[in-house]
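Heads up: the structure comes next, in structure tokens.
Positions are given from 1 along the sequence. These numbers were taken from a predicted model, which means no experiment stands behind them.
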Amino acid sequence: MRDAYHEELDSIGDGLVEMARLVGSAIGRATTAILDSDLKLAEAVIEADQKVDDLQHQLEARAITLLARQQPVATDLRIVVTSLRMSADLERSGDLAQHVAKLARLRYPERAVPHDLHATILEMGQLAQRLMAKAAEVIITKDVDLALQLEQDDDAMDLLHRTLFQHLMDDRWKHGIETAVDVTLLGRYYERYADHAVAVAKRVVYLVTGEHADDLQADIQPATQVEGA
């Protein structure tokens, strides 16, 4: 019975990794669709989000069954509860990738992103994909140091997000209100996607240590300052 129990716990972790890989692929393909005005690819991303939703539902069912039948405590309970929260973050990430694809479909055959912002959106998409790949690695390895790095990596996304707004607020903006709204939405989608990747990594920190990532970072920072003094 205990072997089956731990196999079920492992299967929950495997499901989270699969979700992370799917939503990582989705944001990469959605970025290509929005930049290239690729309707076929946009439709594929939109349709594929159902698999992410299905995986989340399966994971929730397994977790609820474990809670009811095994009544886990201590670390095992943290695994189940934290996994439920991670699955919600990953499902939301898939929705955000789908939003990017839906915007590509909405504007087809036109391009939603003006040429002068093409490089910025491409960089945001690539960064989002890298962040989610790192989050998947954190789920697999339970590497706390790597997990804590994700928040620093997210600073680059925040900078790109601000860059978009600088373009929008520039008096030389010539692409109209509709495009401004599209770009604003895209910036928000990528920024929130990155936040969910960071949230997943933070939840792994809690799973491993029993402490919240923000508290750990607060403890680490003063020590770093003392060493550098």
Can you confirm whether [X] sits close enough to [Y] that some side-chain heavy atom of one is under 4.5 Å from a side-chain heavy atom of the other?
X	Y	value
Q56	L90	no
Q70	D76	no
I27	S93	no
M157	Y193	no
Q126	T31	no
V23	D95	no
V200	V138	no
L9	V80	yes

Evaluate the criterion side-chain contact (heavy atoms from CB on, under 4.5 Å) for residue pair K202 and L148; output intermediate values, then yes/no.
CA-CA 7 Å; K202 284 183 173 182; L148 293 174; over 6 Å; no
Take I79 and I12 through the test side-chain contact (heavy atoms from CB on, under 4.5 Å) and record every step on the way to the result.
CA-CA 9 Å; I79 290 172; I12 290 175; 5.6 Å; no
V205 vs E211, side-chain contact (heavy atoms from CB on, under 4.5 Å): CA-CA, chis, key distance, verdict:
CA-CA 7 Å; V205 172; E211 295 185 63; 5.9 Å; no
Counting only heavy atoms not in K51 (residues, nucleotides, ligands), do more than 12 fall under 6.0 Å from its NZ?
no
Heavy atoms of other groups near E123 CD, more than 12 under 6.0 Å:
no
Is a donor on one side and an acceptor on the other found under 3.5 Å between the side chain of S87 and the backbone of L84?
yes
For [X] and [Y], work out which heavy atoms get closest and say how close.
X	Y	answer
T82	R203	CG2-O, 3.2 Å
A201	A147	O-CB, 3.5 Å
A20	A136	CB-CB, 3.8 Å
R192	D195	NH1-OD2, 2.9 Å
L59	S83	CD2-O, 4.0 Å
V52	E91	CG1-CA, 4.1 Å

According to the salt bridge (charged side-chain N to carboxylate O under 4.0 Å, His left out) rule, which pairs have a member within residues 175-190, sequence neighbours left out?
R107-E178, R107-D182, R188-E191
Hey, what's the ring geometry for H175 with W173, parallel, tilted or perpendicular (30° and 60° as the breaks)?
perpendicular
Do the ring planes of Y206 and H212 sit parallel (below 30°), tilted (30 to 60°) or perpendicular (above 60°)?
parallel
Mind checking the [atom1]-[atom2] spacing from [X] to [Y]? Nearest 0.5 Å is all I need.
X	Y	atom1	atom2	result
M124	L127	CE	CG	8.0 Å
R130	D153	CZ	CG	8.5 Å
K134	Q129	NZ	CD	14.0 Å

Partners passing ring-ring contact (aromatic ring centres under 6.0 Å, His included) against H167 (at least two apart in sequence or in another chain):
none
Would V183 end up clustered with Y190 when hydrophobic side chains under 4.5 Å apart are linked, directly or stepwise?
yes
Start with the C-alpha distance between R78 and T75, add both sets of side-chain angles, then the distance that settles side-chain contact (heavy atoms from CB on, under 4.5 Å), and finish with yes or no.
CA-CA 5 Å; R78 275 211 310 272; T75 301; 3.9 Å; yes
Classify the side-chain pair Q50/D54 by whether it contains a donor and acceptor separated by less than 3.5 Å.
yes
